[in-house]
Chemist: 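Have a look at this one.
Just so it is clear, the structure is predicted and the values come from calculations on it, not from any experiment. Every chain is numbered from 1, with letters handed out A, B, ... down the list of sequences.
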There are 2 protein chains.
Amino acid sequence: MAHQVTIKDIAKHLNISVATVSRALRDMPDIKPETRQAVLDLAKEWDYQPNVLATSLVKSRTKTLGVIVPDLGYHFFSSVIKGIEAEALYRGYTLLLTQTGESYERELVNLQTLSRGQVEGFIISLSQETSNYDHINRLIRKGIPIVFFDRDAVGIDVSKVMVDNVGAAYEAVIHLYQNGCREIAFLAGPKSVTVSNQRIEGYRKALQDLNIPFKDELIVHGEYNLDKAIALTHGLMNLTDRPDGLVVVSDRLAVGSMMALRSKGISVPDEVSVVSFNDEPICSFLTPTLSSVAQPTTEIGRIATSLLINQIEDGQEFYKPQVRVLKTHLVIRESSRRK
Amino acid sequence: MAHQVTIKDIAKHLNISVATVSRALRDMPDIKPETRQAVLDLAKEWDYQPNVLATSLVKSRTKTLGVIVPDLGYHFFSSVIKGIEAEALYRGYTLLLTQTGESYERELVNLQTLSRGQVEGFIISLSQETSNYDHINRLIRKGIPIVFFDRDAVGIDVSKVMVDNVGAAYEAVIHLYQNGCREIAFLAGPKSVTVSNQRIEGYRKALQDLNIPFKDELIVHGEYNLDKAIALTHGLMNLTDRPDGLVVVSDRLAVGSMMALRSKGISVPDEVSVVSFNDEPICSFLTPTLSSVAQPTTEIGRIATSLLINQIEDGQEFYKPQVRVLKTHLVIRESSRRK
DNA sequence: GTGAAAGCGCTAACAC
DNA sequence: GTGTTAGCGCTTTCAC
């Protein structure tokens, strides 16, 4: 057998029609038990595999979802994907996984590639670089279901699974306060990043509720890279009123902050307490271990997938985009635990 | 336009045949420039996307590769995948990425799913649980090209991209010796894991060349989990001749070892120097930072992909499986740098 | 219960 | 240069 076995091969061998083989294979009614058995036996013997391409083509259904994330190397994304996989498997869907490397260009290419009839819907976390949403709007116009998670785009009317970043930052600040911090700084991401801005909002809200006057110089913005985080932390520590609490927008940047603090001989948590976001595995390996706000990654993946599949199966006309906002929880470790 | 635009729609609108449209779209010769232009313009205007399913079906070529790895959460794998993606993109192939979660069951399911005509070849890193290779052999018998990387299966005749684990461990031991270590222990993985065993071999070879007598009790085997690593390290440190050097089979286990050493008040690197494998990002975040043997991950991915595509395009009959063994390099950090 | 035939969207002879 | 036709592997009427 040089090529893959087809229903035609089976039909010919059994002297029946391909239609009958197809029916037998799919367990349809009105098939004589013996016929069915014969087909099933031969299929097994020849290791028959249905050609999904052909099925998809005739049914105009691929039962495949496209997933586009910035970087699988981030624990957050690989973790969300586990949730996506679980739900997709459960509902009988296959995944086409791609990463953009935070490049708008590659996001475009990936979207394009997957749109050529391979995918029934998309789960997308936008790249950092993406600020033009034509490619997304084009899909929406074509009626292709999309769900966003983590990275948002305001004004785009698709289903979204987000976390309560405002509440998360709020909780982090309150926690620092309860540990005795009174001069709390915030190391944020670029000013254009929604997630970062939402966390700033939570920070401000908490200060307000705590009756701590807000100071502009306590919020600093950086790119997502270590050196910048180190520099910014040094800057903060050189302020006349030195902060005694630090909220950092991500674990990776917090690594930089901790390095900076150590190099200055500032003890964590006693002189400066630190809390960050994402609860990546590294948090447990740092010295001191790092307090961090954990996101319900698997849940995010499951819900995004579930929303998407519902939308696919219910049909677009009857579907209104839904937005889900999930709760985070703070994992307290040494970096914010004062004696 | 409710459905996706097809060449038929374009043909009808332009009053030409689908064949002409197909030719124009693919830039074939013998097409009148005006005709071509008209087709191209309309295609653009209607945002025509070729249906790859149909093309694949008729050409019996999907230009898609299946990638099966244990866990995208491991930095090693997500890093190799970047290499795979780069090469696949370059050669015009798409990827179908799946993970097994180290489960044989899921490896089977993934392989099965991808085999239904979607994929022209596989890049596989076997799950930890896999000890039966029927599923692999079935593919080989069907003539589907396969390339293994990292996780090996002795006796399976497919192309493989591996690293020189023997040499890597050898280098690690020599390095420890040059730093003054004379009693060097090895914390290995389960006895069934090839990679671990190869590293043990390198360890023994180095001891031999260094004229250090080999002692059985200096090699301990554990599962891949933190608690076991901690316990085993404690065991080693309680030996009458306490080791002053420790080679650990993976960074993750090394984390456990470092914890154990710290809890016993043993200083690293001065009392015990530590070297491990994989050079995951955590190595730089530990205190002290961890020396580790780095694998050329991107290279592994690129080469595996290149071997696979060559095999696909050259045709099976003329192809002999190739084995590539890549060099590693030791990244020396604080955990093995004595003053 | 089963077969014949049309068709999913596209490509590739083979005509003309 | 372009059209006609068959066919990739499968599902689905519609007959009988």
Chemist: What N/O pairs connect the protein and nucleotides 13-16 of chain C at under 3.5 Å? Give each pair on its own line.
Modeler:
unit_1	atom_1	unit_2	atom_2	d
C/dA13	N6	B/R23	NH2	3.2

Chemist: Can you pull out the residues from residues 49-58 of chain A that lie within a 4.0 Å heavy-atom distance of DNA chain D?
Modeler: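 DNA chain D contact set from residues 49-58 of chain A: A/P50, A/N51, A/A54, A/T55, A/V58.
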Chemist: Where is the tightest heavy-atom contact between B/I123 and B/T305, given as atom of each residue plus distance?
Modeler: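 The pair with the smallest heavy-atom distance is CD1-OG1, 3.6 Å.
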Chemist: In whole Å, what is the span from the NZ atom of A/K12 to the P atom of C/dA4?
Modeler: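 Result: 14 Å.
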Chemist: With sequence neighbours excluded, what pairs up with A/T194 under the side-chain hydrogen bond (donor to acceptor under 3.5 Å, both in side chains) test?
Modeler: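 None.
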Chemist: Is there a side-chain polar atom (N or O) of B/Y48 under 4.0 Å from OP1 or OP2 of C/dC10?
Modeler: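 It does, given that an N or O in the side chain of B/Y48 lies less than 4.0 Å from OP1 or OP2 of C/dC10.
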Chemist: Starting from the first five and the last five pairs of the helix from C/dG1-D/dC16 to C/dC16-D/dG1, work out the angle between the resulting helix axes, to 10 degrees.
Modeler: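 The angle separating the two end axes equals 50°.
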Chemist: Scan for salt bridge (charged side-chain N to carboxylate O under 4.0 Å, His left out) pairs involving residues 32-43 of chain B, sequence neighbours excluded, and state none if there are none.
Modeler: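 Matches after skipping sequence neighbours: B/D27-B/R36.
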Chemist: Under 6.0 Å from the OH atom of B/Y133, do we count more than 12 heavy atoms belonging to anything else shown?
Modeler: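 Correct, the count exceeds 12.
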Chemist: Within the structure provided, determine whether A/L57 and B/N51 are in side-chain contact (heavy-atom separation under 4.5 Å).
Modeler: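 Yes, their side chains come closer than 4.5 Å.
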Chemist: With sequence neighbours left out, write down each residue that passes ring-ring contact (aromatic ring centres under 6.0 Å, His included) with B/Y104, or none if nothing qualifies.
Modeler: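 With sequence neighbours excluded, B/Y104 shows a ring-ring contact (aromatic ring centres under 6.0 Å, His included) to B/H135, given in chain and number order.
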Chemist: Provide the start and end nucleotides, 5' to 3', of the part of DNA chain D that has atoms under 4.0 Å from heavy atoms of chain A.
Modeler: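 Nucleotide range in contact with chain A: D/dC8 to D/dC14.
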Chemist: Rounded to whole Å, please give me the gap between CD1 in B/I7 and P in C/dC8.
Modeler: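 After rounding, the reported distance stands at 12 Å.
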Chemist: Checking B/E313 now: which residues fulfil side-chain hydrogen bond (donor to acceptor under 3.5 Å, both in side chains) with it, not counting sequence neighbours?
Modeler: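 Listed in chain order: B/Y93.
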Chemist: What is the distance, rounded to the nearest whole Å, between atom CD of A/E120 and atom P of C/dC8?
Modeler: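 Atom-to-atom, A/E120 to C/dC8, this comes out as 18 Å.
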Chemist: Got a sec, which pairs hit salt bridge (charged side-chain N to carboxylate O under 4.0 Å, His left out) with one end in residues 43-59 of chain A, sequence neighbours left out?
Modeler: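 Counting only pairs at least two positions apart or across chains, the salt bridge (charged side-chain N to carboxylate O under 4.0 Å, His left out) contacts touching residues 43-59 of chain A are A/D47-B/K142.
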Chemist: Can you name the closest pair of heavy atoms from A/Y319 and A/L307 and give their distance?
Modeler: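 Taking A/Y319 first and A/L307 second, the nearest heavy atoms are OH-O, 3.5 Å.
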Chemist: Can you find a side chain N or O atom of A/S17 that sits less than 4.0 Å from OP1 or OP2 on C/dA4?
Modeler: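 No.
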Chemist: Sequence neighbours left out, what pairs pass salt bridge (charged side-chain N to carboxylate O under 4.0 Å, His left out) with at least one residue falling in residues 11-23 of chain B?
Modeler: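 Matches after skipping sequence neighbours: none remain.
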Chemist: Assess whether a salt bridge exists between A/R151 and A/E102, defined as any Lys/Arg side-chain N lying under 4.0 Å from an Asp/Glu carboxylate O.
Modeler: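 Yes, A/R151 and A/E102 are salt-bridged.
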Chemist: Does the side chain of B/F77 come within less than 4.5 Å of B/P70's, by heavy atoms?
Modeler: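 Yes. Closest side-chain heavy atoms under 4.5 Å.
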Chemist: Quick test of your reading: applying salt bridge (charged side-chain N to carboxylate O under 4.0 Å, His left out), list the pairs with at least one residue in residues 109-118 of chain A, sequence neighbours left out, ordered by first then second residue.
Modeler: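 Qualifying pairs: none.
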Chemist: Flag the pair B/E120 and B/K63 as a salt bridge only when some basic side-chain nitrogen lies within less than 4.0 angstrom of an acidic carboxylate oxygen.
Modeler: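 Judged by the 4.0 Å cut-off on N to carboxylate O distance, B/E120 and B/K63 do not form a salt bridge.
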Chemist: Could you tell me how the ring of B/W46 sits relative to the ring of B/H13: parallel (under 30°), tilted (30 to 60°) or perpendicular (over 60°)?
Modeler: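 Ring orientation of B/W46 relative to B/H13: perpendicular.
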Chemist: In residues 28-36 of chain B, what residues come within less than 4.0 Å of DNA chain D, judged by heavy atoms?
Modeler: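 Residues of residues 28-36 of chain B that come under 4.0 Å of DNA chain D are, in numerical order, B/D30, B/I31, B/K32, B/T35.
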